[in-house]
Chemist: 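My structure is below; once you've seen it, I'll send some questions.
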Amino acid sequence: MPEADPAAVETAPPGPQIILGFDFGRRRVGVAVGNTLTARAQPRPAIHRVASSLEPVLAAIGAEIAALHPARLVVGRPYNVDGSAHALERDAARFAAALQQRFALPVHRVDERYSSLEAEAGLRTRRADGRGGRIVRGAIDSSAAAVIVERWLAGEGER
């Protein structure tokens, strides 16, 4: 069996890593942070898009990166129920490429099917238990980003 080329193998830094994840949307970008030690993620405030340009979003992400020092980024890959690419996939792929280029961090993609439904159900449960208030779209988007990060931490998606 041939040996792997050491230059071609991505090496992870030792110890736990912080992972920053995104649920890309045309109006908002959900944001979440997780780590490889607990394999859990927590929502961060969503980034509201005010223009068609990604520049304000990338600037806000830059502030998150400066504060959290993630080792890698994870972006949801929108698919339709039947597994075909959703209309938003092209924009999400451009977003992932822009992150890679701007921040020089590894960017991974994860199937995000049903992540918003899962996130909203979790928020509704928290609210019913008296642990949450009014559910707003940004909270759903960032909770969906947490689902995306946790899926990546569980081994789903591109490595």
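All values reported here derive from a predicted model rather than from experimental measurement. Along the sequence shown, the residues carry numbers beginning at 1.
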Chemist: Using the rule that two of Ile, Leu, Val, Met, Phe, Trp, Tyr join whenever any of their side-chain heavy atoms come within less than 4.5 Å, decide whether L54 and I65 are in one cluster.
Modeler: yes

Chemist: Indicate yes or no: does R102 engage E55 in a salt bridge with an N to O separation below 4.0 Å.
Modeler: yes

Chemist: Would you find more than 12 non-hydrogen atoms of other residues, nucleotides or ligands less than 6.0 Å from Q100 atom CD?
Modeler: yes

Chemist: CG/L20 to CD1/I61 distance, rounded to the nearest 0.5 angstrom?
Modeler: 7.5 Å

Chemist: Contact between F24 and V57 at the side-chain level, heavy atoms closer than 4.5 Å - yes or no?
Modeler: no

Chemist: Looking at A46 and G30, what are the two nearest heavy atoms and their distance?
Modeler: CB-CA, 4.3 Å

Chemist: To the nearest 0.5 Å, what is the distance between CD on E112 and NE2 on H86?
Modeler: 8.5 Å

Chemist: Which pair of heavy atoms, one from G76 and one from A92, lies closest together, and at what distance?
Modeler: O-CB, 4.1 Å

Chemist: Side-chain heavy atoms under 4.5 angstrom apart, residues restricted to Ile, Leu, Val, Met, Phe, Trp, Tyr: same cluster for I47 and L58?
Modeler: yes

Chemist: How close do A32 and A146 get, heavy atom to heavy atom, and via which atoms?
Modeler: CB-N, 3.2 Å

Chemist: When you compare the side chain of W152 with that of H108, does any pair of heavy atoms fall below 4.5 Å?
Modeler: yes

Chemist: Hey, are E89 and R94 close enough for a salt bridge, meaning a charged N less than 4.0 Å from a carboxylate O?
Modeler: no

Chemist: Answer yes if I18 and L37 sit in the same cluster of Ile, Leu, Val, Met, Phe, Trp and Tyr residues linked by side chain heavy atoms under 4.5 Å apart, and no otherwise.
Modeler: no

Chemist: Counting N and O atoms only, with roles assigned by atom type, does the side chain of N80 sit under 3.5 Å from a partner on the main chain of G83, one being a donor and the other an acceptor?
Modeler: no

Chemist: Can you check whether R44's main-chain N or O pairs, donor with acceptor, with S142's side chain at less than 3.5 Å?
Modeler: yes

Chemist: For V74, run the side-chain contact (heavy atoms from CB on, under 4.5 Å) check against V107, D23, I148 and tell me which one passes.
Modeler: I148

Chemist: Determine, for R28 against D141, whether the closest basic-nitrogen to carboxylate-oxygen distance falls under 4.0 angstrom.
Modeler: yes

Chemist: Find out if a path of hydrophobic residues (ILVMFWY) with successive side-chain heavy-atom gaps under 4.5 Å connects V147 to Y79.
Modeler: no

Chemist: Between Q17 and T36, what is the shortest heavy-atom contact and its length?
Modeler: N-OG1, 2.7 Å

Chemist: Compare all side-chain heavy atoms of I19 with those of P70 and state whether any distance is below 4.5 angstrom.
Modeler: no

Chemist: Take V75 and L99, measure what side chain to side chain contact (heavy atoms under 4.5 Å, CB included) needs, and give me the verdict at the end.
Modeler: CA-CA 9 Å; V75 176; L99 290 172; 3.6 Å; yes

Chemist: How close do P106 and A71 get, heavy atom to heavy atom, and via which atoms?
Modeler: CD-O, 3.4 Å

Chemist: Measuring from atom CZ of R151 to atom CD of E156, what distance do you get when rounded to the nearest 0.5 angstrom?
Modeler: 6.0 Å

Chemist: Check whether any side-chain heavy atom of R40 lies under 4.5 Å from a side-chain heavy atom of E150, and answer yes or no.
Modeler: yes

Chemist: Rounded to the nearest 0.5 Å, what separation is found between the CD atom of Q42 and the CG atom of N35?
Modeler: 9.5 Å

Chemist: Any side-chain heavy atom of V149 within less than 4.5 Å of one from F22?
Modeler: no

Chemist: At their closest point, which heavy atom of R109 faces which heavy atom of A96, and how far apart are they?
Modeler: CD-CB, 3.7 Å

